[in-house]
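Worksheet for the structure shown next.
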Amino acid sequence: MRILNSKDVRALVTMADAVAALREGYRASVAEPALVPARTIISPPGSHAYLGAMPAFGGTARKFTVKVAALHLHEQEAASMHSLVTVQDGATGRFQALIEGNSLTALRTGATAALVTDLLAPADAGTVAIIGSGAQALTQLEAMCAVRPIRRAQIYSRHGANVQAFIQRCAAIKGIECELLAAPSLRHALEGAAIVCTATTSETPLIEADALASRCHINAVGNHTDDSIEVGRSVLDHAFLAVEERAAAIREAGEFNRRAAEIGELLNQATPPAPSGHSVFVSVGTAFQDLCLATLIQQRADQAQAGQLIEFA
């Protein structure tokens, strides 16, 4: 079994690789769906800590994967998450890889948003608003630059001091070559943006229709519950909606997702939709995405002899 840390993950798989793997996986899943049960989540009474387990089986390589993630929401500090992903051979059950989960999660979330953006956003979208300043926000910007000619990123965080640190981190990411601007307010960040990415822990909606450009695609990848996400109903009630998997989106982010299109459905349409107003990707994250990316990472690691090889028997 190979143990792969966050540096291994990003050395083995680029954002473009991840988008391509998810595109192939989602397209194939329509004919041969993977086995992806609902995630299991536990939280001690009175706590702001959550432990989730997300198993899956399938894909072209027929693997078993399981992600275990612990999320801690702090009142005075940024939320923290620790996770790992196991990969097992689907025929023998042999453990093949243990992968650091935060880097995989950020990569697959960014790549999935990029895939939907490529299907729904204006082809010439050059300005993106990034709402949030954590790891997910960073890969969202990287992902948008991978599928659209981004010239300008307008970045806003309620923790204003974090924005400059975010901009400095962008300098180390290959592929982020746009102008980076710290927006003084949320409304300033949204002004003129053809793409908006929200990656926050906000428990109340942040984005309303009157602050958006008339044609705009939104990736809502941050905090969500069955009665609140980062995007307000003034947008959701009228926008074209896309989700990873409808049942999961309804269960975890709200009944309004019943009219949303799934990624696999969009990919298998002869002519993808071209929304004339607002479109929203409501992301809840699924184990299928972990399966697609963990399989690719494990295969690349075996080819490159990467990571730490241990005997687990």
Side-chain angles (χ1 to χ4, degrees), residues 3-10 36-56 64-88 95 97-110 112-113 130-140 157-162 165-166 169 197-206 219-231 243-245 247-255 257 282-291 293-294 297:
I3 298 178
L4 303 165
N5 62 25
S6 59
K7 291 182 179 179
D8 295 323
V9 170
R10 292 314 308 263
V36 185
R39 76 186 85 198
T40 297
I41 299 177
I42 60 173
S43 179
S47 169
H48 291 286
Y50 303 84
L51 178 71
M54 301 169 62
F64 286 113
T65 61
V66 181
K67 180 163 75 178
V68 178
L71 174 66
H72 292 257
L73 301 177
H74 307 284
E75 291 186 6
Q76 303 299 327
E77 304 174 25
S80 61
M81 186 174 80
H82 302 277
S83 61
L84 55 83
V85 179
T86 60
V87 180
Q88 292 173 260
F95 279 96
L98 179 63
I99 305 170
E100 193 279 321
N102 286 16
S103 54
L104 185 150
T105 300
L107 180 63
R108 61 86 150 152
T109 305
T112 308
I130 302 294
I131 314 304
S133 57
Q136 291 280 12
L138 189 63
T139 49
Q140 285 294 306
S157 171
R158 61 182 175 177
H159 304 292
N162 293 345
F166 177 91
R169 294 202 305 277
C197 299
T198 60
T200 76
T201 57
S202 177
E203 297 181 357
T204 57
L206 299 171
N219 296 308
V221 307
N223 191 45
H224 56 269
T225 69
D226 59 0
D227 62 5
S228 177
I229 69 168
E230 299 160 301
V231 181
V243 295
E244 294 114 337
E245 194 267 308
I250 292 168
R251 183 174 60 248
E252 298 184 25
E255 185 68 23
N257 287 295
V282 181
S283 175
V284 300
T286 72
F288 178 72
Q289 298 160 7
D290 297 325
L291 172 68
L293 267 294
I297 292 165

Straight-line distance of [X] [atom1] to [Y] [atom2], nearest 0.5 Å:
X      : Y      : atom1 : atom2 : result
Ile229 : Thr200 : CD1   : OG1   : 10.5 Å
Glu100 : Lys7   : CD    : NZ    : 12.0 Å
Leu291 : Lys67  : CG    : NZ    : 12.0 Å
Ile41  : Met54  : CD1   : CE    : 8.5 Å
Thr198 : Leu206 : OG1   : CG    : 7.0 Å
Leu71  : Ser83  : CG    : OG    : 10.0 Å

Within-4.5 Å side-chain heavy-atom neighbours: [X] and [Y]:
X      : Y      : answer
Arg39  : Val284 : yes
His224 : Val282 : no
Val68  : Leu51  : yes
Cys197 : Asn219 : yes

Least distance between heavy atoms, [X] atom then [Y] atom:
X      : Y      : result
Ala287 : Thr65  : O-OG1, 4.5 Å
Gly134 : Phe166 : O-CE1, 4.1 Å
Gly132 : Ala137 : O-CB, 3.5 Å
Ala106 : Gln136 : CA-OE1, 3.7 Å
Gly110 : Gln140 : CA-NE2, 3.4 Å
Val231 : Pro205 : C-CB, 4.0 Å

With no hydrogens and no angle check, is any side-chain donor or acceptor of [X] less than 3.5 Å from a backbone partner on [Y]?
X      : Y      : value
Asn102 : Met81  : yes
Arg108 : Ala294 : no
Thr109 : Thr105 : yes
Ser157 : Asn162 : no
Glu230 : Gly222 : yes

Contacts of Glu203 that satisfy side chain to side chain donor-acceptor pair (under 3.5 Å) - sequence neighbours left out: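 Counting only residues at least two positions away or on another chain, Glu203 forms no side chain to side chain donor-acceptor pair (under 3.5 Å).
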
Stepwise side-chain contact (heavy atoms from CB on, under 4.5 Å) check, Leu104 with Asp290: CA-CA 7 Å; Leu104 185 150; Asp290 297 325; 3.4 Å; yes

Going by atom types only, do Arg158 and Thr201 share a side-chain donor-acceptor pair under 3.5 Å?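 There is such a pair between these side chains.
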
Go through the side-chain N and O atoms of Glu244 and Thr112 and say whether any donor and acceptor fall under 3.5 Å apart.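 Judged by distance alone, the side chains do not pair up.
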
